[in-house]
Undergrad: 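Quick one: the structure is below, questions incoming.
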Amino acid sequence: MSAIGFLILLVLSIALLMVLIMKVKLHPTFSLFTAALVMGLEMGIFEPEGFSFTEVLTMITSGFGSTLGSMGIPIMLGAILAMGVQDTGAAKSIANFFIKLFRGKNLELAPALTAYIVSIPVFGDITTILTSNIANVLSKRKHISMGKMAAFTQTGLNLTHAMVPPPPGILAVSVLLGADLGLVIGWGILISIIAFILTWLLLRKWTDKEWIEPLPEVVAEIEETSSNDVKDILIPGKDVPGTFPAFLTILIPVVLIAGSSFINMAVAEDAPIRVWTAIFGDKVVALSLGVIYTMFLALFHKFAVRKSNEDVTGKDPANFREIILDSWIARGLSVALPALLITGMGGAFATVIKAAPAINDLAGLIENSGVPGLLIPFLIGAIMFTAVGSMTTGGMTAAGVVGPMMGILGLSPVSTVLAIGAGTMIFNHVNNSGFWVISKFFNLDLKQGLKYITVPDFVAGVICFIMICAASAVGIF
């Protein structure tokens with residue numbers, strides 16, 4: 001099969017994936033399975049040494065299993081950690097920290113930066129729910145439009161969700177492309193926080209032009225205030241942790257994973273410290289320590305944990321250990337299951353794509369065309385996210401296409417991963433369930449959602465890509 005023939009086959013397979021998800025409404029897991037199976041069988045027809053039906057199934061099974069083998073436990077641990085962050089009230093403490101930091105001014109940054117941090121280990125929809133109440137209360141207290149609150153809160157949330165592991169999509173792309181996880185975290189944080197600040201500076205006046213009310217049911221007992229006293233603005237919460245203990249729920253896994261990579265870059269290969277960085281920098285160990293710490297934190301905030309767990313489950317077990325050792329895990333696994341299945345099957349689809357002999361010819365064709373190498377993962381990530389509405393599916397499909405080309409195109413794993421992540425920011429719209437969750441909790445209609453979700457994400461994604469290209473051009477990664 002020629003490079004052009006393979007490209008046509010790839011486009012048709014991706015088109016099939018989009019139709020199955022968007023029109024047929026087939027679950028993304030089985031949409032990915034069908035697309036992988038059809039593509040593998042078509043390669044069996046057109047390749048001189050094609051694959052049989054059983055060989056295609058073996059590839060899919062192998063890709064699914066190997067992806068879950070490296071991704072399954074981190075995703076589950078991240079989901080359990082999310083339950084702890086939710087129940088302990090850590091998100092409220094983090095929000096109050098930013099309210100104090102900015103001295104009651106630019107209060108849209110409080111839920112936005114809270115979302116930016118909490119979204120690193122916590123799933124997007126949960127982060128939206130955690131931060132939306134904060135945004136609604138501050139909107140009413142200081143008369144800030146919910147459009148402005150939504151624009152920057154969801155941008156902060158989506159930036160770390162797209163650019164900083166361990167969320168499933170960017171974590172899976174990092175693993176598939178063999179990128180150093182710590183370096184992806186470190187550079188992802190630096191690039192995304194700069195992109196967030198620049199997006200805020202560019203759009204903050206624009207978001208002031210339309211007044212959108214906070215949700216009435218959330219702010220029924222909240223009164224507007226003209227006071228600039230920080231004490232009058234803080235988010236109330238009974239029995240919530242202090243600022244530093246709250247931040248540690250997120251910082252422990254992030255610092256351990258990223259820190260180990262940067263330490264390994266600075267020390268000799270035979271340095272004794274590498275033994276410890278190999279242990280504590282492992283994603284499973286780092287996330288496990290984060291979960292264990294959060295469970296211990298819960299022991300000092302039993303009232304808040306019991307109330308939050310009861311609000312979610314309708315149950316209040318007599319034995320407190322049942323909440324942190326059973327309820328958190330059960331709730332976390334129920335949240336993690338869809339991500340696990342989609343991630344595993346995304347890996348299967350990527351395995352089939354990488355098995356095509358013609359993919360090297362396609363890489364050579366792209367190289368000879370003069371198109372900048374980093375533009376390829378960025379555009380494929382953007383196109384796939386626009387089409388299927390999932391950062392995980394879009395990112396993993398892009399990784400499957402670009403992975404075998406990296407050597408020929410002269411791309412490093414870290415820059416490729418980050419370019420794909422930036423691409424999955426580009427067109428967040430109506431086929432993404434997160435779009436509707438944000439719209440619901442921030443009181444936006446469809447037009448307002450496209451204005452305050454799609455546009456800021458696009459701006460942030462483009463800024464991220466420009467910085468990635470600049471860093472790559474000077475040889476940073």
Side-chain angles (χ1 to χ4, degrees), residues 3-24 26 28 31-32 34-36 38-39 158-159 161-163 168-170 172-173 176-177 195 342-343 345-347 349-350 352-354 356 358-359 362-363 365-367 369-406 409 411 415-435 450 453-466 468-469:
I4 297 298
F6 174 72
L7 179 61
I8 293 171
L9 175 58
L10 181 62
V11 169
L12 290 175
S13 298
I14 292 174
L16 173 63
L17 177 63
M18 292 188 290
V19 169
L20 291 173
I21 292 174
M22 298 174 64
K23 298 297 183 183
V24 181
L26 182 64
S31 296
L32 285 162
T34 304
V38 170
M39 183 170 188
N158 285 327
L159 273 168
H161 196 70
M163 300 283 292
I170 190 67
V173 172
L176 282 173
L177 298 183
I342 293 170
T343 301
M345 201 56 74
F349 188 30
V352 173
I353 293 172
K354 289 187 287 187
I359 199 164
L362 178 59
L365 189 67
I366 294 171
E367 182 187 28
S369 70
V371 174
L374 272 177
L375 190 61
I376 304 304
F378 175 74
L379 287 178
I380 296 176
I383 291 167
M384 288 306 305
F385 175 58
T386 301
V388 303
S390 166
M391 285 185 175
T392 301
T393 305
M396 292 190 69
T397 305
V401 174
V402 177
M405 305 180 185
M406 287 195 305
L409 297 178
L411 301 177
S415 64
T416 307
V417 168
L418 293 174
I420 290 173
T424 60
M425 289 285 297
I426 288 301
F427 195 45
N428 185 355
H429 66 112
V430 296
N431 67 342
N432 178 12
S433 62
F435 177 94
L450 292 170
I453 298 174
T454 308
V455 173
D457 275 8
F458 179 88
V459 172
V462 170
I463 292 172
C464 283
F465 181 62
I466 292 171
I468 294 163
C469 289

Undergrad: Which pairs count as side chain to side chain donor-acceptor pair (under 3.5 Å) when at least one residue sits in residues 371-380, sequence neighbours excluded?
TA: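 Listed by first then second residue: nothing to list.
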Undergrad: Can you name the closest pair of heavy atoms from I342 and T392 and give their distance?
TA: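 Heavy atoms of I342 and T392 come nearest at CG2-CG2, 4.2 Å.
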Undergrad: To the nearest 0.5 Å, what is the distance between CE (M396) and CE (M345)?
TA: 10.5 Å
Undergrad: Are any of the side-chain heavy atoms of F349 and T397 separated by less than 4.5 Å?
TA: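 They are in side-chain contact.
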Undergrad: Using the test side chain to side chain contact (heavy atoms under 4.5 Å, CB included), find all partners of I4 that sit at least two apart in sequence or belong to another chain.
TA: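 With neighbours one apart ignored, the set is S2, I8, L365.
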Undergrad: Partners of A195 by side chain to side chain contact (heavy atoms under 4.5 Å, CB included), sequence neighbours excluded?
TA: L159, I463, C464, M467
Undergrad: Which residues pass the side chain to side chain contact (heavy atoms under 4.5 Å, CB included) test with S31, not counting sequence neighbours?
TA: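 S31: side chain to side chain contact (heavy atoms under 4.5 Å, CB included) contacts with L17, L20, I21, L26.
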Undergrad: Name all pairs fulfilling the side chain to side chain donor-acceptor pair (under 3.5 Å) condition that reach into residues 419-428, sequence neighbours left out, sorted by first residue then second.
TA: N428-N432, N428-D457
Undergrad: Can you tell me how far apart CD1 (I420) and CE (M163) are? Round to the nearest 0.5 Å.
TA: 11.0 Å
Undergrad: Does the side chain of V417 come within less than 4.5 Å of I170's, by heavy atoms?
TA: yes
Undergrad: Atom CD1 in I376, atom CE in M406: separation rounded to 0.5 Å?
TA: 14.0 Å
Undergrad: How far does CD1 of I453 sit from CZ of F427, to the nearest 0.5 angstrom?
TA: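 Between atom CD1 of I453 and atom CZ of F427 there are 12.0 Å.
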Undergrad: Do M405 and L411 come close enough that some side-chain heavy atom pair is under 4.5 Å?
TA: no
Undergrad: Return the set of residues passing ring pair (Phe, Tyr, Trp, His ring centres under 6.0 Å) with F435 (not counting sequence neighbours), or none when no residue passes.
TA: none
Undergrad: Could you check I383, V459, V462 and say which one makes a side chain to side chain contact (heavy atoms under 4.5 Å, CB included) with I426?
TA: V462
Undergrad: CG of L12 to CE of M39: how many Å apart, nearest 0.5 Å?
TA: 9.5 Å
Undergrad: For A399 and L176, which heavy atoms make the closest approach, and how far apart are they?
TA: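 Between these two residues, the closest heavy atoms are CB-CD1, 4.1 Å.
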Undergrad: Hey, is the main chain of L450 close enough, under 3.5 Å, to the side chain of H429 for a donor-acceptor pair?
TA: no
Undergrad: Give me the atom names and distance for the closest heavy-atom approach of T386 to A382.
TA: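 Shortest heavy-atom separation between T386 and A382 comes out as OG1-O, 2.7 Å.
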Undergrad: Indicate the atoms forming the closest heavy-atom contact of G461 with M425, along with that distance.
TA: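 So the minimum-distance heavy-atom pair works out to CA-CB, 3.7 Å.
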Undergrad: Would you mind reporting whether L374 and F465 have side-chain heavy atoms less than 4.5 Å apart?
TA: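 They are in contact (side-chain heavy atoms under 4.5 Å apart), so the answer is yes.
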Undergrad: Report the C-alpha distance between L409 and T416 in whole Å, list the side-chain angles of each, state the deciding distance to 0.1 Å, and finish with yes or no for side chain to side chain contact (heavy atoms under 4.5 Å, CB included).
TA: CA-CA 10 Å; L409 297 178; T416 307; over 6 Å; no
Undergrad: Quick check: closest heavy atoms across A398 and P377, and the distance to 0.1 Å?
TA: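 Scanning both residues, the minimum pair turns out to be CB-O, 4.5 Å.
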